[in-house]
Amino acid sequence: MDLPVIDLSPCLSGEWDPHLCAEVSRTLRETGALLVKDPRCTVQDNDRFIDMMERYFSKPHHFKLLHERPHLHYQVGVTPERVEVPRSLVDEEMQEKLKAMPNENQPHTPVGPDLKWRYFWRIGPRPSNTRFQELNAEPVIPEGFPEWKETMDSWGYKMIAAIEVVAEMAAIGFGLPKDAFTSLMKLGPHLLAPTGSDLQKYGQEGTVFAGYHYDLNFLTIHGRSRFPGLNIWLRNGQKVEVKVPIGCLLIQTGKQIEWLTGGDCIAGMHEVVATKRTIDAINLAQEQNRSLWRVSSTLFAHIASDAVLKPLGHFAELPLASKYPPMCAGEYVEQELAVINLKGKK
């Protein structure tokens, strides 16, 4: 199944087509994922970012550990491989649902914490006054990368800009005020969060880099990776290997949009594994003498830590709305981090 590609250009020139907005909300509701084309986010931007992150992830282990901040719940700097625990390993309710899935839709079973590295870089201004300081900490800049801040900020701000347009289109499509979501995103702890998976070390078919999980944030956006391997699950339970066309961005629904829509839109489940297509891409990269680090150019867009998550507008009347009681977004994030092993380490 091919996801529809939504061109954001008309909105950028002031044309908000209600049919296109309805298509965005419908696709997010039914699939949990959406492909978009934003002329502000070019292939060259994505390539420059991935080139730098390939260089960073290929640095020695001890160099990367200088940028680890476990006392800040790994919410800035690097998270090494084998730290983050996939939700499907620790969530008993999720495990029961997985057992009931038909074989062809089953995710790969992770055997332990994720094999991916990740780097967290804050995008956008932080609140001057917040109850959640560790979710809004100062950035970490590695030595030897003079272009680091400019490259991270440039790509991060462009992807946030794309998310904001999609959030406004989705709000219109859901029958909410245009700024229903974006007003809650202001001063959010948005994270540019590239992952690095070492395909030289772990390049065997079936290897799980990121076990079956959902994202705890509002919306997630990815530039195109140089190596395939992302599987997503549609709302009907069907497993789909994602193919992101050149020049496109992939958007996925997170838990915070599920909260704000009272379960009308649910957080999309996904995993990253080495597939046959990944192995083909590894062989080609070896022939061309290119890096064997699989970098995802991922950004997590968040609702502001001190804003309240609750079903908005007519979503408060839905039968499942009571499952989503009012709660500070920062409090919700801390609860989720504790489950996946990213909170409380000193």
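All values below come from the heavy atoms of this structure, side chains included, with hydrogens, waters and symmetry mates left out. FYI, the numbering just counts along the sequence from 1.
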Q: Examine distances only and state if a side-chain atom of S13 and a backbone atom of P10 form a donor-acceptor pair shorter than 3.5 Å.
A: yes
Q: State, yes or no, whether a side-chain contact exists between R126 and L187 at a heavy-atom distance under 4.5 Å.
A: no
Q: Looking at R224 and L249, would you say the former's side chain and the latter's main chain have a donor-acceptor pair under 3.5 Å?
A: no
Q: Determine whether a donor-acceptor pair (N or O, by modelled atom type, separation under 3.5 Å) exists between the side chain of S305 and the backbone of F132.
A: no
Q: Is a side-chain N or O of D45 found less than 3.5 angstrom from the main chain of W155, in a donor-acceptor match?
A: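 The answer is no, because no donor-acceptor pair under 3.5 Å joins these two groups.
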Q: Pairing donors with acceptors under 3.5 angstrom, does anything connect the side chains of N231 and H108?
A: no
Q: Counting the benzene-type ring for Trp, do F227 and W293 have ring centres under 6.0 Å apart?
A: no
Q: Show the numbers, then the answer: is there a side chain to side chain contact (heavy atoms under 4.5 Å, CB included) between R122 and Q75?
A: CA-CA 9 Å; R122 298 269 173 226; Q75 292 305 289; 3.3 Å; yes
Q: Can you tell me if Y212 and Q106 form a side-chain donor-acceptor pair at under 3.5 Å?
A: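 Looking only at side-chain atoms, Q106 and Y212 do not form any donor-acceptor pair under 3.5 Å.
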Q: For the pair T275 and T278, evaluate side chain to side chain donor-acceptor pair (under 3.5 Å) and give the outcome as yes or no after the intermediate values.
A: CA-CA 5 Å; T275 64; T278 317; 3.0 Å; yes
Q: Looking only at non-hydrogen atoms, find the nearest pair between K178 and A171 and report the distance.
A: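 Looking at all heavy atoms of both residues, the closest pair is O-CB, 3.7 Å.
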Q: For G203, is there any backbone N or O sitting under 3.5 Å from a side-chain donor or acceptor partner on T207?
A: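 It does not hold such a pair.
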Q: If only side-chain N and O atoms count, and only distance matters, is there a donor-acceptor pair under 3.5 Å linking H67 with Y56?
A: yes
Q: So, the side chain of E84 versus the backbone of D114: is there a donor-acceptor pair under 3.5 Å, distance only?
A: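 Not at all, since once roles are kept as given, no pair shorter than 3.5 Å links the two residues.
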Q: With a 6.0 Å cut-off on the ring centroids, do F120 and Y74 count as close?
A: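 No: the rings miss the under 6.0 Å criterion.
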Q: So which atom in A304 and which in A329 form the shortest heavy-atom distance, rounded to 0.1 Å?
A: O-CB, 3.3 Å
Q: Mind listing the closest non-hydrogen atom pair of L35 and K243 along with its distance?
A: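 Heavy atoms only, the tightest pair is CD1-O, 4.2 Å.
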Q: If only atom types and distance count, is the side chain of W233 paired as donor or acceptor with the main-chain N or O of N105 below 3.5 Å?
A: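 Pair found, side chain donor or acceptor close to backbone of N105.
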Q: Are the side chain of Y202 and the backbone N or O of F209 linked by a donor-acceptor pair below 3.5 Å?
A: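 Flag not set: sc Y202 to bb F209 has no pair under 3.5 Å.
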Q: Taking the six-membered ring for Trp, are Y324 and W259 parallel (under 30°), tilted (30 to 60°) or perpendicular (over 60°)?
A: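 The arrangement is perpendicular - the two ring planes meet at more than 60°.
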Q: Check the side chains of S296 and H222 for a donor-acceptor pair under 3.5 angstrom, ignoring hydrogens and angles.
A: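 Result is no, nothing qualifies.
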Q: Could you tell me whether the side chain of H302 reaches within less than 4.5 Å of the side chain of I123, counting heavy atoms only?
A: no
Q: Under 30°, 30 to 60°, or over 60°: which ring-plane class applies to W121 and W148, parallel, tilted or perpendicular?
A: perpendicular
Q: With the side chain counted from C-beta on, respond yes when M169 and I172 share a heavy-atom pair under 4.5 Å apart, and no when they do not.
A: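 The answer is no, as the side chains (C-beta and beyond) never meet within the 4.5 Å cut-off.
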Q: Could you label the plane-to-plane angle of the F145 and F63 rings as parallel, tilted or perpendicular, counting under 30° as parallel and over 60° as perpendicular?
A: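 If you compare the ring of F145 with that of F63, the planes turn out tilted.
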